Amino acid sequence: MAWYFKAKRRIFEIIQSSKKNDIESKIFDISLIILILLNVCLIIADTFTLPEKYKEISAYAELITVIIFTVEYVLRIITADLLYPDKNPIVARIRYIFSFLALIDLMAILPFYLPFVFSMDLRVLRMVKITRLFRVFKINRYTDAFSSILKVFKNKKNELLSSFFIVLLLMVVASVLMFGVENKAQPEVFRNAFDALWWALITLTTVGYGDIYPITVLGKILGSIIAILGIGLVAVPTGIISAGFVESMNHEKEQEKESDEIKYCPYCGKRIKRG
């Protein structure tokens with residue numbers, strides 16, 4: 001069974017994020033990215049009125065795509081015990097199946113199979129087909145850029161949540177104050193705190209649609225203060241994310257050095273401990 005574990009290990013290495021010297025894995029990643037982007041183009045094209053010949057081509061492309069994605073999904077489940085080597089193979093596969101990326105993979109192929117299992121009318125079928133857009137999120141699996149972004153958000157989630165909470169608190173306070181100042185002058189514009197909250201949102205984010213704005217002197221002063229505070233507060237999450245990227249890059253470099261020293265058993269596929 002040595003050949004099985006060796007083949008399983010190689011499949012696992014190919015379908016996981018590619019290393020710099022792994023050509024097969026890079027080809028796999030690039031091919032899947034191209035396939036996903038092609039699917040996005042087909043989904044957009046389906047919104048237009050096109051000839052029947054195109055619909056046949058689109059149907060064949062959909063079939064090929066689903067077959068490839070289904071095979072990939074099954075292979076990832078089979079090799080899940082290598083992804084979680086410290087867990088029982090069954091537990092590892094169950095954990096993988098309910099992971100975020102696995103659910104994305106499932107949503108990418110599920111719309112194709114549902115009509116064969118359940119009878120659906122045209123409207124429901126269209127809604128189901130729209131979920132094919134979940135395939136876009138699969139790109140995260142094949143590119144270091146998207147993976148790095150998710151890692152940064154995960155590592156800095158506490159700091160980001162704190163900064164977003166402060167921004168939200170400022171928005172609520174600003175909206176209540178602005179409503180109290182502008183309601184009498186513009187009752188048809190600042191009808192309630194929700195309208196004022198919309199103003200606070202577009203002001204703090206520096207979007208400034210111009211559909212709602214203060215006209216009183218006190219309102220303009222308050223609006224100026226909120227706008228200045230918004231510039232600083234919106235920059236806080238940006239700084240946190242930037243710092244997170246630097247930390248992530250340094251951590252990845254350290255992991256690459258360690259992975260070069262790690263070896264696996266050719267018979268069981270388990271990691272050989274050093275020392």
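What you see is a predicted model, and the numbers here were worked out from it, not measured in a lab.
Other residues, nucleotides and ligands contribute more than 12 heavy atoms inside 6.0 Å of the OH atom of Y54. Within 6.0 Å of OH in Y73 there are more than 12 heavy atoms belonging to other residues, nucleotides or ligands. The 12-atom threshold is exceeded at OH of Y113, counting heavy atoms of other residues, nucleotides or ligands nearer than 6.0 Å.
Put simply, the side chain of W198 reaches to within 4.5 Å of the side chain of D211, judged on heavy atoms. The shortest side-chain heavy-atom distance between D195 and F179 does not fall under the 4.5 Å cut-off. L82 places a side-chain heavy atom less than 4.5 Å from the side chain of K8. Between I202 and I212, some side-chain heavy-atom pair lies under the 4.5 Å cut-off. A 4.5 Å side-chain heavy-atom check between L201 and V207 finds every atom pair outside the cut-off.
One distance of note links CG of L63 with CD1 of I68; it measures 10.0 Å at 0.5 Å rounding. From F12, atom CZ reaches atom CG of L83 across 5.0 Å, with rounding to the nearest 0.5 Å. With rounding to the nearest 0.5 Å, the separation of OG in S162 from NZ in K156 is 11.5 Å. Between the CG atom of N183 and the CZ atom of R191 there is a distance of 11.0 Å, given to the nearest 0.5 Å. Going from atom CD1 of I104 over to atom CD1 of I109 covers 12.5 Å, rounded to the nearest 0.5 Å. Between the CD atom of E72 and the CG atom of L32 there is a distance of 5.0 Å, given to the nearest 0.5 Å.
I67 and I64 fall within a single hydrophobic cluster, where Ile, Leu, Val, Met, Phe, Trp and Tyr side chains are chained together by heavy-atom contacts under 4.5 Å. Residues F194 and V189 fall into different hydrophobic clusters, defined by Ile, Leu, Val, Met, Phe, Trp and Tyr side chains chained together at heavy-atom separations under 4.5 Å. Connection of I34 to I57 is not established within any shared hydrophobic cluster, with ILVMFWY side chains joined at heavy-atom distances below 4.5 Å, either directly or through further cluster members. Hydrophobic clustering, with ILVMFWY side chains joined whenever heavy atoms are under 4.5 angstrom apart, keeps V173 apart from I228. The hydrophobic cluster containing V172 does not contain L229, counting ILVMFWY residues as joined when their side-chain heavy atoms lie under 4.5 angstrom apart, directly or transitively.
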*For the pair D105 and Y96, evaluate side-chain contact (heavy atoms from CB on, under 4.5 Å) and give the outcome as yes or no after the intermediate values.*
CA-CA 11 Å; D105 289 342; Y96 171 76; 3.3 Å; yes

*Taking it one step at a time, do E56 and K53 satisfy salt bridge (charged side-chain N to carboxylate O under 4.0 Å, His left out)?*
CA-CA 5 Å; E56 293 181 6; K53 188 175 181 180; over 6 Å; no

*Check the pair L160, I241 against side-chain contact (heavy atoms from CB on, under 4.5 Å), reporting the backbone distance first and the verdict last.*
CA-CA 8 Å; L160 289 171; I241 294 171; 3.9 Å; yes

*asked:* Apply side-chain contact (heavy atoms from CB on, under 4.5 Å) to residues K87 and D81 and explain how you reach the verdict.
replied: CA-CA 7 Å; K87 296 187 179 298; D81 56 325; over 6 Å; no

*Decide yes or no on side-chain contact (heavy atoms from CB on, under 4.5 Å) for T79 and R9, but give the supporting numbers first.*
CA-CA 8 Å; T79 59; R9 165 61 58 183; over 6 Å; no

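Side-chain atoms of Q16 never come within 3.5 Å of backbone atoms of S25 as a donor-acceptor pair (strictly under, hydrogens ignored). With R93 contributing its side chain and A80 its backbone, the two residues share no donor-acceptor pair below 3.5 Å. Using a distance-only test at 3.5 Å, with no hydrogens or angles considered, a donor-acceptor pair links the side chain of R76 to the main chain of I15.
In terms of heavy-atom proximity, I44 sits nearest to F48 at O-CD1, 3.4 Å. When all heavy atoms of G223 and W199 are compared, the pair lying nearest together is CA-CZ2, 3.6 Å. The nearest pair of heavy atoms linking L35 to F69 is CD2-CE2, 3.9 Å. Contact record, Y213 with Q186: O-NE2, 2.9 Å, taken as the closest heavy-atom pair. Heavy-atom minimum distance, P237 versus S163: CG-OG, 3.7 Å. Shortest non-hydrogen contact noted between L204 and M171 is CD1-CG, 2.9 Å.
With salt bridges taken as basic N to acidic carboxylate O contacts below 4.0 Å, one links E52 and K55.
A side-chain N or O of E182 and one of T216 form a donor-acceptor pair less than 3.5 Å apart.
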